[in-house]
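As a basis for the values below, the full set of heavy atoms in this structure was taken, side chains included, without hydrogen atoms, waters or symmetry mates. Every value quoted in this text rests on a predicted model; they were computed, and no experiment measured them. The first residue of the sequence shown is numbered 1, and numbering continues consecutively from there.
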Amino acid sequence: MSFDHQDPEKGKASVSTIEKMLLETKVPALGLGIIEDGQLTKVEVFGTLDKTKKAPYNTIFKVASLTKPLTALTVLKLVDHGLLDLQEPLYKYWIDPDLKKDKRYKELTPYLVLTHQTGFPNWRYMTDSNKLHFQFDPGEKYQYSGEGFEYLRKAIEKKLGRPLEDLARDFIFEPVGMNDTRFWWDGSMNESRYAKNFDENGNQIETVKYYEANAAANLLTTVEDYGRFVAYVINGAGLDEQLFKDMQKHQVKLKENDFFGYGWEILTGFSDDEFAMLHTGKDPGVSTLAIMFPKSKNGYVVFLNGDNVNQVYEYLLTQKLYLGQELWDKR
């Protein structure tokens, strides 16, 4: 499982291979975290921040939709502490102005958001109307939606009178030791450690700074912090035992051997009756993956600050990472 953990000479060769591959693919940096038997055992960062400056161990990456599992766990923590119910209607606290004439808003619950069954598009700006609307009845089927997570954030913040970033800090960041993670470019953000983002041709994408939390995207974090988060989840996430089991249940079926739980995709059919919980993140110049195998308590995170990443993913999964070949074959 460990990334060349046993053989220093092999490790040197692999570092050379990775550095060469990053140059070939025009992806400046790779961050890799390895979890073994429930413990974060290795953190490595290769390449550069911007094609010039060496990427440090504590490089800060934008991780796109890997924000969602963290938001989902924050929600489950609220449920565990009796501050929220998965089946309570959200309209008591928030109704999006675009939906006020469509009474289906009354059907929205935290459960439907975490399992991506709201009926919303991914983002309203990607639709012709540029307005939030139901594309099908809530609960009818799965459809991935960032809008759903933002809807839930606004409802929770209205109910509890606290911003998401404060709730995440209290329930996750501080208990897990995620001291270098933030939802937005706050005063503690060290831009000198930020991995700039690059397109498939190796051109740098303008860095857009944002100053408010988004429950679905834009999290800024390090490999070590997010690796600690994945290890925390593997070990039960500090949740009530039944709630933790429910998080791993097949809440909605996507296709054969592919399901969704609370905030995580669930893949079955691995060898040794293993299954995987995973999430990916994709934005311009951002390609990220977090995966855990609950039976063995192994897992890994992969952060890349570029678009042309298939060759890197294939190399890591087929040659280096636990059950990676099987995961690659399921893509």
Side-chain angles (χ1 to χ4, degrees), residues 60 62-100 105-116 118 120 123-124 132 138 145-190 209-222 225-226 228-230 232-233 236-240 243-244 246-247 261-264 279 281:
I60 298 170
K62 180 182 176 184
V63 296
S65 288
L66 288 195
T67 310
K68 292 184 180 76
L70 198 146
T71 298
L73 183 57
T74 303
V75 171
L76 293 178
K77 290 283 190 177
L78 296 175
V79 172
D80 209 15
H81 283 75
L83 300 172
L84 186 72
D85 190 285
L86 282 171
Q87 301 298 343
E88 70 178 289
L90 296 177
Y91 77 87
K92 293 180 179 179
Y93 317 110
W94 171 252
I95 303 169
D96 191 282
D98 289 353
L99 298 180
K100 287 189 174 177
Y105 67 71
K106 293 187 175 181
E107 300 173 32
L108 295 171
T109 63
Y111 172 82
L112 292 179
V113 171
L114 295 188
T115 57
H116 289 287
T118 58
F120 291 156
W123 294 108
R124 71 186 78 191
L132 185 61
S145 175
E147 288 284 358
F149 271 67
E150 272 289 85
Y151 202 102
L152 180 56
R153 175 182 70 81
K154 291 170 183 175
I156 288 172
E157 290 181 345
K158 289 285 187 182
K159 178 180 183 180
L160 300 180
R162 299 186 66 198
L164 172 65
E165 51 265 49
D166 285 2
L167 296 168
R169 181 195 63 220
D170 291 352
F171 286 113
I172 301 179
F173 294 170
E174 289 186 354
V176 177
M178 299 174 71
N179 302 316
D180 213 357
T181 300
R182 54 192 59 78
F183 281 92
W184 45 277
W185 288 66
D186 62 20
S188 69
M189 173 64 181
N190 184 348
K209 300 178 182 179
Y210 33 89
Y211 298 96
E212 59 183 4
N214 184 313
N218 296 337
L219 191 76
L220 299 161
T221 190
T222 64
D225 270 18
Y226 209 91
R228 286 179 175 176
F229 171 68
V230 173
Y232 182 64
V233 175
L239 292 174
D240 170 78
L243 185 58
F244 182 62
D246 290 343
M247 185 180 77
Y262 293 159
W264 294 88
H279 211 291

Ring centroids only, cut at 6.0 angstrom: are Tyr226 and Phe229 within range, meaning strictly under it?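 Centroid distance Tyr226-Phe229: below 6.0 Å, so yes.
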
Close aromatic pair by centroid cut-off 6.0 Å: His116 and Phe149: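 Yes, ring centres under 6.0 Å apart.
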
Contact check, side chains of [X] and [Y], non-hydrogen atoms, under 4.5 Å:
X      : Y      : answer
Asp85  : Val79  : no
Tyr211 : Phe183 : no
Lys62  : Tyr210 : yes
Val113 : Leu90  : yes
Pro138 : Leu112 : yes

Are the charged groups of [X] and [Y] less than 4.0 angstrom apart, N to O?
X      : Y      : answer
Glu88  : Lys92  : no
Lys77  : Asp80  : no
Arg182 : Asp180 : yes
Glu157 : Arg162 : no
Arg124 : Asp96  : yes

For Asp240, enumerate each residue passing the salt bridge (Lys or Arg N to Asp or Glu O under 4.0 Å) test, keeping only those at least two apart in sequence or located in another chain.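 With sequence neighbours excluded, Asp240 shows a salt bridge (Lys or Arg N to Asp or Glu O under 4.0 Å) to no residue whatsoever.
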
Side chains of Asp225 and Thr181: is there a donor and an acceptor less than 3.5 Å apart?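 Yes, side-chain donor-acceptor contact under 3.5 Å.
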
Pairing donors with acceptors under 3.5 angstrom, does anything connect the side chains of Lys68 and Thr71?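 There is no such pair between these side chains.
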
Sequence neighbours excluded, which residues qualify as side-chain contact (heavy atoms from CB on, under 4.5 Å) partners of Thr74?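 Leu70, Leu164, Leu167, Ala168, Ile172.
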
Indicate yes or no for a side-chain donor-acceptor contact from Tyr232 to the backbone of Ala237 under 3.5 Å, with no hydrogens or angles considered.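 Yes; judged by distance alone, with no hydrogens or angles, the pair exists.
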
Parallel, tilted or perpendicular: ring planes of Tyr151 versus Phe120, cut at 30 and 60 degrees: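 Judged by the thresholds at 30° and 60°, the geometry between Tyr151 and Phe120 is tilted.
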
If you count heavy atoms of other groups shown closer than 6.0 angstrom to CD of Glu174, is the number above 12?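 More than 12 within 6.0 Å, yes.
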
